[in-house]
Every structure is written in C-alpha cells, then in structure tokens.
Amino acid sequence: MQYWLMKSEPDEVSIDDALAAPQQTVAWTGVRNYQARNFMRDAMRIGDGVLFYHSSCAEPGIAGLAEVASTPYPDPTQFDPASKYHDPKAKPEAPRWLLVDVRAVQKSPMIPLALLRTHAELAEMLILQKGSRLSITPVTPAQWNFITGHLMK
DNA sequence: GCCAACGTTGGC
DNA sequence: GCCAACGTTGGC
C-alpha cells in the first residue's frame with residue numbers, strides 16, 4: 001500500500017466532479033510527463049491512497065481523499081485529434097501515455113498549500129520543494145497519517 | 001499577468 | 001551528446 005498526491009485543475013475535474021461521477025470514479029487523463037506517467041504505469045496499485053489536490057486555482061490545496069481504482073491502461077485522449085491532450089506521435093499499437101482510474105472517497109476540509117507549508121512534519125513533501133511541478137508525487141506514510149489524521153480533523 | 005523553474009525539442 | 005530556444009506549470 002502506497003500513498004500519492006495527484007493534482008487536478010478543479011476547472012477540469014474537481015473533487016466534487018469526481019464524487020458525482022459514476023462509481024465516483026474518473027480516468028486520470030491528460031498526464032503528459034514521463035515521471036508522472038511512470039508512477040501510474042509502474043508503481044501504483046489498486047487501493048493505494050490518494051490526496052486529491054486542486055492546482056492552478058484561487059485556493060490551491062488538498063481537497064479530498066481518493067484511491068487508485070484500476071490497473072494502468074492507455075489514455076484515450078492521446079489518440080483523439082479533437083482533444084487538447086492529443087499526441088500525434090502516439091499510436092494505438094504503441095501508446096505513449098498510460099493512466100489509472102481514481103475513485104473519490106470523500107471531500108475533506110480544504111487544506112491550503114500555504115497551510116501545508118507551515119508544518120515541519122511536511123517539510124519534505126515533494127510538492128513543497130522549490131520548483132516542484134510534478135503532477136503526481138509519492139507521499140510517505142508519515143505525511144499521509146499527519147495530513148489525514150491531524151489536518152483533516 | 002508575471003515569472004521562476006523545469007521539461008522537451010532539435011540543430012549541430 | 002550538448003545546449004539554446006521554446007513551451008508548460010503553477011503559485012502569487
């Protein structure tokens with residue numbers, strides 16, 4: 001069992017959108033960074049815990065809890081010329097981009113980025129490092145426990 | 001809208 | 001393989 005933080009722009013898919021989706025599950029489309037892709041392809045397992053993070057919005061921060069809900073499979077948007085995530089170099093017989101399904105578990109009290117920064121226990125979180133912009137990052141059990149057990153109370 | 005930081009591309 | 005140019009991310 002591992003833990004992750006996954007960024008989503010709430011204008012595209014918010015925690016509320018995910019909770020309202022069938023099975024409360026959304027396909028994590030649009031990742032176009034190899035490191036983030038590799039986490040989904042190689043490291044994630046069904047049932048892994050996910051911190052659902054809102055980025056590029058008025059109040060960036062952790063907005064809910066979710067879990068990995070599928071094994072990896074090709075991101076269909078890479079083959080869709082109408083999608084902004086279209087990748088002309090991807091072919092169905094050789095997909096470049098894989099994703100997993102994510103099931104929203106619950107909305108949480110909003111935990112703003114600025115608040116995360118105030119806790120020494122979270123100083124090592126990858127998302128808090130200078131220049132970090134990876135959209136999917138691993139979270140340690142200690143960080144997970146601190147956030148879910150302390151900040152979400 | 002600004003801009004720092006980072007990733008990717010492509011010429012050489 | 002180097003690296004400059006360019007595009008993107010994402011907080012502020």
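Convention: sequence-line order gives letters A, B, ...; per-chain numbering from 1. Since we're looking at a predicted model, the values are computed, not measured. Heavy atoms only: backbone and side chains are in, while hydrogens, waters and symmetry mates are out.
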Show the atom names and distances, to 0.1 Å, of all donor-acceptor pairs under 3.5 Å that link a side chain in residues 107-118 of chain A to residues at least two apart or in another chain.
from   : atom 1 : to     : atom 2 : distance (Å)
A:K107 : NZ     : A:D16  : OD1    : 3.1
A:K107 : NZ     : A:D16  : OD2    : 3.0
A:S108 : OG     : A:A63  : O      : 3.4
A:S108 : OG     : A:G64  : N      : 3.4
A:R117 : NH1    : A:L128 : O      : 3.1
A:T118 : OG1    : A:L115 : O      : 2.6

| field | Contact summary for A:F79 and A:P92, nearest pair of heavy atoms | value | CE2-N, 3.4 Å

| query | What do the steps show when you test A:W28 against A:F52 for ring pair (Phe, Tyr, Trp, His ring centres under 6.0 Å), and what is the final call? | reply | CA-CA 11 Å; A:W28 208 261; A:F52 196 112; 5.5 Å; yes

| field | Co-membership, hydrophobic cluster, residues A:Y53 and A:V26, 4.5 Å side-chain | value | no

| message | We want to know whether A:D17 and A:S14 form a side-chain donor-acceptor pair, criterion being a heavy-atom distance below 3.5 angstrom. | response | yes

| Which of residues 85-99 of chain A sit near DNA chain B, with a heavy atom under 4.0 Å from it? | A:K89

| said: Check for me, please, whether A:Y3 and A:I127 land in the same ILVMFWY cluster - side-chain distances under 4.5 Å, paths through other members count. | reply: yes

| message | In this structure, would A:W144 and A:I62 fall into the same cluster of hydrophobic residues linked by side-chain contacts under 4.5 Å? | response | yes

| remark: Whole-Å distance, A:E59 CD to C:dG10 P, equals 17 Å

| field | Residues A:R32 and A:D75 bridged, charged N to O under 4.0 Å | value | yes

| With the sugar-phosphate defined as primed atoms, P, OP1 and OP2, and the base as all remaining atoms, what B/S/- string results for nucleotides 4-9 of chain C, 5' to 3', for protein heavy atoms under 4.0 Å? | ---BBB

